[in-house]
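It should be emphasised that the depicted structure is a prediction, and the values quoted were computed from it without experimental measurement. Lettering of chains follows the sequences in order, A, B, ..., and the numbering in each one begins at 1. For the numbers below, each heavy atom of this structure counts, side chains included, while hydrogens, waters and symmetry mates do not.
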Amino acid sequence: MAEPRLIRGFALFDGFLDRPAQEAMVADLRGVLAAAPLVRPETPRGQKMSVRMSACGDFGWVSDRRGYRYEPRHPSGVAWPPIPQSVLRVWQAVSGCDRLPECCLVNWYGEGARMGLHQDRDEADFAAPVVSVSLGDEGLFRMGNTGRGGSTESVWLRSGDVVVMGGEARLRHHGVDRIRFGSSTLLPNGGRINLTLRVVTPA
DNA sequence: TAGTATCA
DNA sequence: TAAA
């Protein structure tokens, strides 16, 4: 496995998945989204997010007027489908974690979608890293600091890239400023899919 | 503060 | 809110 590039403690595995592996993963995700359709969540303040979300695994991350939390079911009431093996293999290759991910959040960025700087801090065990997989259009990923404020660095993530957020970077702020809509041919309808794999429950 | 507007 |  190629060495990752370290940016603010984030490990970027550039081109980790080749095109056939990306296509196989997208085929698996089509099954996930058929069982657990994408929804557009709102923040606790009632503002709609631009990203559309679903999940697979034991838990999905959800946001609504009641707050941020992990739930064992899709808002429709159905259980989240299992995490595809193609996705679990990425976790096993790069996470360095002996636990399996309990949540695979599926974020779909359409034209103009963004994700403001935030921390992943709704999990009970920060010793486990967060693993992010990019599929489809390129996205401008921004990385900040654990505390608020300070300088940030940005990098364009391309289809097949994998980022591991662990150790000192586990609680760093991060977000997506922009999508180059139509820059990839992977997804027939365009857009960017980002998977984030997380351990949710206490060690 | 997982959003958004607005500024230099 | 601050950064870009």
Side-chain angles (χ1 to χ4, degrees), chain A residues 7-10 12 29 32-33 36-75 80 83 87 101-126 128-158 161-166 168-181 183 191-201:
Chain A
I7 310 166
R8 295 208 169 198
F10 291 72
L12 167 56
L29 293 171
V32 167
L33 296 179
L38 291 167
V39 299
R40 192 138 87 101
E42 53 187 302
T43 67
R45 291 176 158 179
Q47 302 161 114
K48 286 284 191 188
M49 295 174 65
S50 55
V51 170
R52 295 209 251 179
M53 292 189 178
S54 184
C56 49
D58 295 337
F59 300 94
W61 184 87
V62 300
S63 175
D64 58 25
R65 272 158 282 190
R66 295 167 45 205
Y68 305 145
R69 63 198 179 277
Y70 284 96
E71 288 279 3
R73 295 182 175 276
H74 186 275
W80 302 105
I83 301 176
V87 177
E102 298 167 309
C103 170
C104 173
L105 189 62
V106 181
N107 287 337
W108 184 77
Y109 294 75
E111 192 159 23
R114 302 172 289 175
M115 176 80 73
L117 276 184
H118 67 279
Q119 289 176 297
D120 288 16
R121 60 174 188 187
D122 299 317
E123 303 76 31
D125 181 8
F126 296 140
V130 174
V131 173
S132 157
V133 181
S134 294
L135 296 166
D137 289 341
E138 296 166 28
L140 184 58
F141 184 61
R142 187 150 137 219
M143 295 155 282
N145 307 287
T146 300
R148 74 199 292 282
S151 66
T152 63
E153 289 180 67
S154 298
V155 62
W156 281 98
L157 295 179
R158 293 178 298 178
D161 289 352
V162 172
V163 177
V164 180
M165 301 178 265
E168 63 99 347
R170 175 64 180 75
L171 290 170
R172 278 188 189 261
H173 287 77
H174 55 278
V176 175
D177 283 339
R178 192 154 85 81
I179 297 298
R180 280 181 178 143
F181 192 81
S183 58
R192 171 174 186 263
I193 289 175
N194 183 70
L195 307 177
T196 47
L197 298 161
R198 304 183 178 102
V199 171
V200 171
T201 61

Original post:
Can you name the nearest heavy-atom pair linking A:Met53 to A:Pro41, along with the distance?
Top reply: SD-CG, 3.6 Å
Subject >> Value in whole Å for how far the P atom of C:dA3 lies from CG of A:Asp177 >> reply: 14 Å
Original post:
Are there more than 12 heavy atoms of other residues, nucleotides or ligands under 6.0 Å from atom CZ of A:Arg52?
Top reply: no
Original post:
In whole angstroms, how far is the P atom of B:dA5 from the CD atom of A:Gln47?
Top reply: 9 Å
**OP:** Specify the residues of residues 144-155 of chain A, ordered by number, for which at least one heavy atom lies under 4.0 angstrom from an atom of DNA chain C.
**Re:** A:Arg148, A:Gly149, A:Gly150, A:Ser151, A:Thr152
Original post:
Is the Lys NZ or Arg CZ of A:Arg170 less than 6.0 Å from the centre of A:Phe126's six-membered ring, within 45° of the axis?
Top reply: no
**OP:** Indicate whether the side chain of A:Ser151 and that of A:Arg8 have a donor and an acceptor atom separated by less than 3.5 Å.
**Re:** yes
**OP:** Mind running side chain to side chain contact (heavy atoms under 4.5 Å, CB included) on A:Met115 and A:Asn194 for me, showing each step along the way?
**Re:** CA-CA 11 Å; A:Met115 176 80 73; A:Asn194 183 70; over 6 Å; no
**OP:** Scan A:Arg40 against the nucleic acid and name what it touches under 4.0 Å (heavy atoms): base, sugar-phosphate only, or nothing.
**Re:** nothing
Original post:
Between A:Met115 (CE) and B:dT4 (P), how many Å, whole number?
Top reply: 11 Å
Original post:
Using a cut-off of 4.0 Å on non-hydrogen atoms, how would the nucleic acid contact of A:Arg142 be classed: base, sugar-phosphate, or nothing?
Top reply: base
Original post:
Whole Å only: how far is the NZ atom of A:Lys48 from the C1' atom of B:dA5?
Top reply: 21 Å
Subject >> Worked check of ring-ring contact (aromatic ring centres under 6.0 Å, His included) between A:His118 and A:His174 >> reply: CA-CA 6 Å; A:His118 67 279; A:His174 55 278; 4.4 Å; yes
**OP:** Measure the distance from CZ on A:Arg114 to C1' on C:dA4 and round it to the nearest whole Å.
**Re:** 13 Å
Original post:
Roughly how many Å is it from NE2 in A:His174 to C1' in C:dA4, rounded to a whole number?
Top reply: 18 Å
